[in-house]
Amino acid sequence: MMKEKSTLRIFSRFVVIVLVFLCSGCGTPVLTDEQQIQVLSSPMLQEYFYDDLAAYQKEQDSSEQADKNLLWWETFASEDLNTLEKIALKENYDILSAYARMRQSAAEANIAESAFFPLITLGASAAKSHSETKNENTGHSSSSSSERYRLEGGASYEVDLWGRVRSAYRADAMRFMASRDDWQSAAMTISANVAGTWAELLGNQIETAVLKEQININESLVKLQKVRFSNSLVSSLDVLQQEEVLAASKAELPDLLQKSLELKNSLCILLGKIPGNLPEFAMDASLPVIMAIPEAGIPVDLLQYRPDIRAAWANVQASHYDLNEAEANRFPKLNLSFSHIFSAAHIADVLENWTNELLASLNYTFFDAGEKKYQVERMRAQAEQALLAYIKTVAEAIAEVNKTLAQEYSQQEKLSLLEKQYVMTKSATRGALNSYLEGSEDIMRFLTLLQSTQGLERTIARQRVNVVQVRINLYRSLGNMYFPEEQVALLTQKEDMHEK
């Protein structure tokens, strides 16, 4: 009998050793951080973003470069914008939703982590039964009753031979990392939208003020034409032409007022407020002065600074862990369980009677019509899809930075040329007015130049907004380089979420 037990013990140990050995050979290797760049074979990773932008590039004073210790909107030196950004980071609906999704992912990772520990259960039960039996011979009935009390404690644990539990946890941990970066992406996008809407609103107010000033000038010119007409110096047609210019100016004012209301409503939504509750700030303030173009670095820097790229890479990692889990599901599962039971007919005797039970079970699905095999194929296809999505995200990020850098150079150059054109056109308009008043030129030449000058004034006002918008887009495309996650978390005043 002892010999049989010894043989059984040796056989059991041999089986466990074989299982562990087989375990070491299964599982799909997960991409490491060092392999992240190797996945991207595009030659543009070895070059600067703006190699093709030399035609636009200017020499910049290095002392004017943006301070990376500042949040990007702080480079605009506007307390109003700083206040609006803080409100948005705390109260914007999309940011709060992304934060809630991040908390869900953190909870799912914690749930998956609990599988590393045994499941311990405790239970208690009490039963009382009563029965009556009638004697057919005597006709008398007899009754009996019994009681049963039971206390039970148990523990169960799955031995992670093939790394299934470990892979499931790591997949959820990677999804938490992705959701954290998604939250960062939402905060970065919303902060850019707030700044863009703020700049557009200021630009709209400036353009409205320019238009009102132009209306005042045109009204004065109409009065002047009427006086000259009364003195027989001009014809009625000259008066009508100036009145047409005035009417055209007034017709453009309602659109600007409507746009101002729409921008205010949009800004309220971005700040997480009901339209009509926009915080007070100086809407007649000047647009911020744009400093030197910030340093963009090389494409590899985006792998670190862009939260959408980091999220895509985390999803790649998660998909590979999902694949590992699916492959581990095809192998047997080893479960251990232990129970300790107290049971007695009287409650006073419960602790006197007990039973221990130790159970080890090895379960293997012998036939499932290929379900687990196809599950592995599905996970492998998802992993390939996640990898392609990652490569596409990187390529789009590089293209976006290229685009915004090109816009930076071209839009600033365009503004400079418009300002030079305005100076020349304004000078020509003044000369045409003097010639008209002296009688050497007709009114049409002056009106043509006047309309051109006034149109340029409003075009320049819009172009200055475009320059600010392009700089905002550049900061957003550069990611956390000018938007540190630590400072954003501090501004939102949320409790820290740490990776397990």
Side-chain angles (χ1 to χ4, degrees), residues 30-37 39-40 45 68 71-73 85 88-90 92-110 112-113 169-194 296-297 299-322 382-383 385-401 404 473-500:
V30 176
L31 296 174
T32 63
D33 292 338
E34 289 76 13
Q35 292 174 300
Q36 183 177 5
I37 298 177
V39 169
L40 304 170
L45 279 178
K68 292 185 182 180
L71 290 163
W72 63 263
W73 59 80
E85 293 289 1
L89 289 174
K90 291 179 183 178
N92 176 267
Y93 307 118
D94 293 331
I95 294 177
L96 294 177
S97 296
Y99 186 79
R101 289 192 295 270
M102 180 180 70
R103 292 176 57 192
Q104 294 175 33
S105 297
E108 290 172 357
N110 290 334
E113 186 187 25
Y169 164 68
R170 289 179 177 174
D172 285 332
M174 286 295 103
R175 276 187 276 270
F176 161 67
M177 297 294 291
S179 67
R180 189 176 66 180
D181 288 325
D182 287 340
W183 167 64
Q184 182 78 356
S185 293
M188 186 172 63
T189 300
I190 294 302
S191 66
N193 290 343
V194 168
V300 176
D301 292 337
L302 285 186
L303 303 181
Q304 174 185 356
Y305 293 121
R306 288 274 297 224
D308 56 337
I309 293 179
R310 295 201 307 267
W313 178 249
N315 286 327
V316 171
Q317 297 282 55
S319 65
H320 278 75
Y321 284 123
D322 285 335
Q382 286 187 1
Q385 180 185 8
L387 185 58
L388 292 172
Y390 168 71
I391 297 174
K392 179 183 177 183
T393 301
V394 174
E396 289 178 342
I398 293 175
E400 184 178 358
V401 174
T404 52
N473 291 337
L474 177 59
Y475 280 127
R476 184 183 61 80
S477 65
L478 293 178
N480 293 359
M481 187 181 295
Y482 300 94
F483 194 62
E485 181 177 348
E486 296 77 11
Q487 294 192 44
V488 176
L490 183 63
L491 287 174
T492 55
Q493 295 183 351
K494 301 294 183 184
E495 59 185 73
D496 291 337
M497 303 291 293
H498 297 289
E499 180 188 5
K500 282 288 183 181

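On a predicted model such as this, the values are computed, not experimentally measured, just so you know.
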Partners of E400 by salt bridge (charged side-chain N to carboxylate O under 4.0 Å, His left out), sequence neighbours excluded? R306, R476

Could you pull out all residues at least two apart from R175 that satisfy salt bridge (charged side-chain N to carboxylate O under 4.0 Å, His left out)? D172, D322

I95/W183 under side chain to side chain contact (heavy atoms under 4.5 Å, CB included): CA gap, chis, key distance, verdict: CA-CA 6 Å; I95 294 177; W183 167 64; 3.7 Å; yes

If I compare all heavy atoms of [X] with all of [Y], which pair ends up nearest, and what's the gap?
X: A88; Y: I190; result: CB-CG2, 4.3 Å
X: V316; Y: A386; result: CG2-O, 3.3 Å
X: Y169; Y: A112; result: CA-CB, 3.7 Å
X: L89; Y: A187; result: CD2-CB, 3.9 Å
X: D181; Y: P307; result: CB-O, 3.3 Å

Under the side chain to side chain contact (heavy atoms under 4.5 Å, CB included) test, residues paired with [X] that sit two or more places apart:
X: T393; answer: D308, I309, A312
X: S191; answer: W72, W73, E85, F483
X: A186; answer: A98

Distance check, rounded to the nearest 0.5 Å: [X] atom [atom1] versus [Y] atom [atom2]?
X: N315; Y: Q385; atom1: CG; atom2: CD; value: 10.5 Å
X: R180; Y: R310; atom1: CZ; atom2: CZ; value: 7.5 Å
X: W313; Y: M174; atom1: CH2; atom2: CE; value: 10.5 Å

Residues in side-chain hydrogen bond (donor to acceptor under 3.5 Å, both in side chains) with S105, at least two apart? S179

Side chain to side chain contact (heavy atoms under 4.5 Å, CB included) between M102 and Y99, intermediate numbers included: CA-CA 5 Å; M102 180 180 70; Y99 186 79; 3.2 Å; yes

Beyond-backbone contact of E108 with F176, side-chain heavy atoms, under 4.5 angstrom: no

